[in-house]
Amino acid sequence: SVSRSACNSKGSMIVVSNRLPFILKRNDKTGELERKASAGGLVTAVAPVVIRGGGIWVGWPGMHLDDPNEKIPESNPNDKTPTAGLLSEKIVPIYAEPKLFDSYYNGCCNGTFWPLFHSMPDRATFIADHWKAYIKCNEEFAEKTVHALHLLKQQKGKNGNAPPIVWVHDYHLMLAANWIRQRVEEDDIKCKLAFFLHIPFPPWDIFRLFPWSDEVLQGILGCDMVGFHITDYCLNFIDCCQRNLGCRVDRKNLLVELGGRTICVRPLPIGVPFDRFVQLAQNAKPVLSNANQQVILGVDRLDYTKGLVHRLKAFERLLERYPEHIEKVVLLQISVPSRTDVKEYQDLKEEMDQLVGRINGRFTTPNWSPIRYIYGCVGQDELAAFYRDAAVALVTPLRDGMNLVAKEFVACQINTPPGVLIVSPFAGAGEMMHEALICNPYELDDAAEVTHRALIMPEDERIVRMNHLRRREQLNDVDSWMKAFLKAMDSLEEEADDIGAT
Ligand code: GDG
């Protein structure tokens, strides 16, 4: 079996994710490939660990490559992002036939797993061809990961003989681990396998709607360690393993047994690069000019899980119920275009456009409009200024794995008096950010009421709440998430002792 002996986090790391930590583009003039950096918190935390250990990143480069001999470019000399040091020899790109990749990505990943895992089964499609494409693409990712493991073996890494950690990410790649395990056993390569899910893992009653749910569980259970944001998702997963596959499980120690192996399940709540956001907030110029208006801020991908329609309706209810806020309060909603070639998302865009128009039409006065709606992306500096200067942040998804916006908002709250965070209990973030105001986005009256409470909250209460929130997020930032993951990998041997019956 895959050996866990003499393992520690000094082993090189192979990250396997749907997307590489940058995208490739072809230069219009020269025809050459170029890297375009991305700067998400996850990449910022993980890339340095990969680079330091001489590890490898496996993923899709954001465009279809057809010549496997074409060299992946090095980073641009001006690139200051964390992936700049990731040499081209440390990148293994995925080549996939465009139609197949579309069925896998838009079909199965975003048309099936995304809504289903967010407990919205009515939005999910169950199409055998999409599932077949998902299997094929996962095989391809697994194949390329095994190739990466061979490369590491040749290069001997900077880490001598410590077995590498293979870390598979997210709902796009739930089958890959099992194939990787089978192949490394055949090829006699030692490694430790881990999986992390960035979205919720649903309760069994929802999960079992997926016609091939056993295969999904078996795929994930190919790992030695499976991580979720919060304990609820761990318990949902364990429940599914027991009820679907008949596995022996230990709910107290979060263990699952399958085929003589013990798999550790762990809550690993992700954090944000707290200090970086503080810095951004310190340096960003003010962008919200009218000091007489309180700004309620929303920042989301335009996705039906984020509860945007409910949010606008709750804001309308607030203006109806508490007319004292008219001309005093503005909802600034930033909606980042997302998955724009999926119909559900095009429909949502339509609905939002109409709703914004209707509410603004209803309440606008000659000097004021209640909603400012940005359909697009804003720069990091501007975003930090919005976070810093907003009076209230509305983070009210219907369901969300964690939600980083809530955490970035509190990181940027460097001014006194601070603003107020409102968070949905159906986001992973709602589970831990106890000093935020909690609001059920489905109950419009309550959402309006809670928003009103936030707007009139006394200064001293705001300060106490925000201090607690900030302290927790600073302590549990994205680097500490990375460390917690490595520590969990280190302690696998101890945990995997005999499983107790439950
Ligand atoms: C998935 C899970 C989980 C947004 N607008 C702009 C912008 N953003 C950045 C935010 C934040 C990120 O995008 C969004 O992260 P979320 O966590 O809110 O949501 P998902 O994209 O759905 O992420 C989620 C996460 O994975 C991590 O595990 O928390 O639950 O669904 O970082 O700052 N950034 C810039 N301009 C924008 O307009 N620059």
Side-chain angles (χ1 to χ4, degrees), residues 15 17-19 21 36-46 81 109-110 113-120 167 169-172 195-202 227-230 232-233 267-274 276-277 280-281 284 287 297-308 311 332-339 345 372-388 390 393-412 421 423-433 473 476-478 481-482 484-485:
V15 174
S17 60
N18 178 55
R19 287 297 192 100
K36 241 189 113 215
S38 61
L42 172 74
V43 169
T44 314
V46 179
T81 63
C109 295
N110 292 333
F113 289 134
W114 179 267
L116 190 68
F117 279 42
H118 286 88
S119 296
M120 301 182 176
W167 193 5
H169 283 262
D170 227 356
Y171 63 102
H172 313 89
F195 176 76
F196 187 80
L197 189 71
H198 290 262
I199 65 175
F201 196 92
F228 300 95
H229 286 303
I230 59 173
D232 274 351
Y233 308 156
L268 292 166
I270 199 169
V272 295
F274 189 92
R276 193 178 86 200
F277 274 97
L280 283 169
V287 280
L297 179 68
V299 178
D300 310 79
R301 277 187 306 99
L302 188 55
D303 194 297
Y304 51 78
T305 61
K306 302 290 183 184
L308 294 166
R311 190 180 302 166
L332 173 60
Q333 176 62 49
I334 300 163
S335 297
V336 182
S338 177
R339 303 173 194 170
Y345 290 75
R372 275 179 230 158
Y373 182 61
I374 300 179
Y375 175 66
C377 200
V378 302
Q380 286 260 320
D381 298 311
E382 204 179 347
L383 183 64
F386 289 154
Y387 282 148
R388 181 194 58 204
L394 272 178
V395 180
T396 52
L398 305 178
R399 191 75 91 202
D400 212 336
M402 176 54 79
N403 195 295
L404 301 178
V405 169
K407 295 172 176 246
E408 293 165 3
F409 170 71
V410 305
C412 290
L421 173 66
V423 66
S424 152
F426 314 124
E431 178 100 333
M432 276 158 279
M433 302 181 87
E473 292 312 320
N476 301 307
D477 70 353
V478 72
W481 175 72
M482 189 67 217
F485 167 76

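Both counts, for ligands and for their atoms, begin at 1 and track the order of listing.
Protein heavy atom at the shortest distance from atom 4 (C) of ligand 1 is V299 CG1, 3.7 Å. Nearest protein heavy-atom contact of atom 21 (O) of ligand 1 is R301 NE, 3.0 Å. Among protein heavy atoms, atom 34 (N) of ligand 1 sits closest to L383 CD2, 3.7 Å. Nearest protein neighbour of atom 33 (O) of ligand 1, counting heavy atoms only, is E408 OE1, 2.5 Å. When only non-hydrogen protein atoms are considered, atom 14 (C) of ligand 1 lies nearest to V405 CG2, 4.6 Å. For atom 26 (O) of ligand 1, the closest non-hydrogen atom of the protein is H198 CB, 3.8 Å. Looking at atom 29 (O) of ligand 1, its nearest protein heavy atom turns out to be N403 N, 2.9 Å. Protein heavy atom closest to atom 39 (N) of ligand 1, with residue, atom name and distance, is V378 O, 3.1 Å.
Every residue two or more places apart in sequence or in another chain was checked for a salt bridge (charged side-chain N to carboxylate O under 4.0 Å, His left out) with D477, and none qualifies. Under the salt bridge (charged side-chain N to carboxylate O under 4.0 Å, His left out) criterion, E431 pairs with no residue at all, not counting sequence neighbours.
In this structure, atom 23 (O) of ligand 1 is not in close contact with the protein, since no protein heavy atom lies within 4.0 Å of it. For atom 8 (N) of ligand 1, the nearest protein heavy atom is 4.0 Å or more away. Under the 4.0 angstrom criterion, atom 12 (C) of ligand 1 counts as lacking any protein heavy-atom contact.
Within the structure, the closest approach of F117 to ligand 1 does not fall below 4.0 Å when heavy atoms are considered.
Residue W114 places no N or O, backbone or side chain, under 3.5 Å from any N or O of ligand 1. The N/O atoms of M402, backbone and side chain alike, include one that comes under 3.5 Å of an N/O atom in ligand 1. Close N/O approach between H118 and ligand 1 is not found [any backbone or side-chain N/O within under 3.5 Å]. Not one N or O of G379 is nearer than 3.5 Å to an N or O of ligand 1, by distance alone. Looking at ligand 1, you won't find any N or O of I199 less than 3.5 Å from one of its N or O atoms.
Expressed to the nearest 0.5 Å, how far CG of L398 lies from CG of L308 amounts to 8.5 Å. Interatomic distance, F277 CZ to E408 CD, rounded to the nearest 0.5 Å: 3.5 Å. Atoms CD and CG, from Q380 and L280 in turn, are 5.5 Å apart once rounded to the nearest 0.5 Å.
Residue contact check: G401 has heavy atoms under 4.0 Å from atoms 30 (O) of ligand 1. Per-residue contacts place C377 under 4.0 angstrom from the following atoms of ligand 1 (heavy atoms of the residue considered): 36 (N), 37 (C), 38 (O).
In terms of heavy atoms, R301 sits closest to S338 at NH1-OG, 2.9 Å.
In terms of modelled atom types and a separation under 3.5 Å, the side chain of D303 and the main chain of T305 share a donor-acceptor contact. The main-chain N or O of H198 is found under 3.5 Å from a side-chain atom of H229 such that the two form a donor-acceptor pair. A distance-only check finds no donor-acceptor pair linking the side chain of S335 to the backbone of L302 [under 3.5 Å]. A donor-acceptor distance shorter than 3.5 angstrom exists from the side chain of R388 to the backbone of A284, with no hydrogens or angles considered.
Each of V299, L42, I270, V478 was evaluated against L404; a single residue qualifies, I270, per the side chain to side chain contact (heavy atoms under 4.5 Å, CB included) test. With Y171 as the partner, the ring pair (Phe, Tyr, Trp, His ring centres under 6.0 Å) test is satisfied by one option alone out of F201, F117, W114: W114.
When the heavy-atom distances from atom 30 (O) of ligand 1 to L280, L42, D400, V478 are ranked, the shortest goes to D400.
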* To do: Show your reasoning for whether ring pair (Phe, Tyr, Trp, His ring centres under 6.0 Å) applies to Y304 and Y345.
  => CA-CA 7 Å; Y304 51 78; Y345 290 75; 5.4 Å; yes
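Relative orientation of the W167 and W481 rings is tilted, given thresholds of 30° and 60° on the angle between their planes.
With a 4.0 Å heavy-atom cut-off, ligand 1 is reached by the side chain of K306 but not by its N, CA, C or O. The part of Y387 lying near ligand 1 is the side chain, judged by heavy-atom distances below 4.0 Å. When non-hydrogen atoms are compared, ligand 1 lies under 4.0 Å from the backbone of L404 as well as from its side chain.
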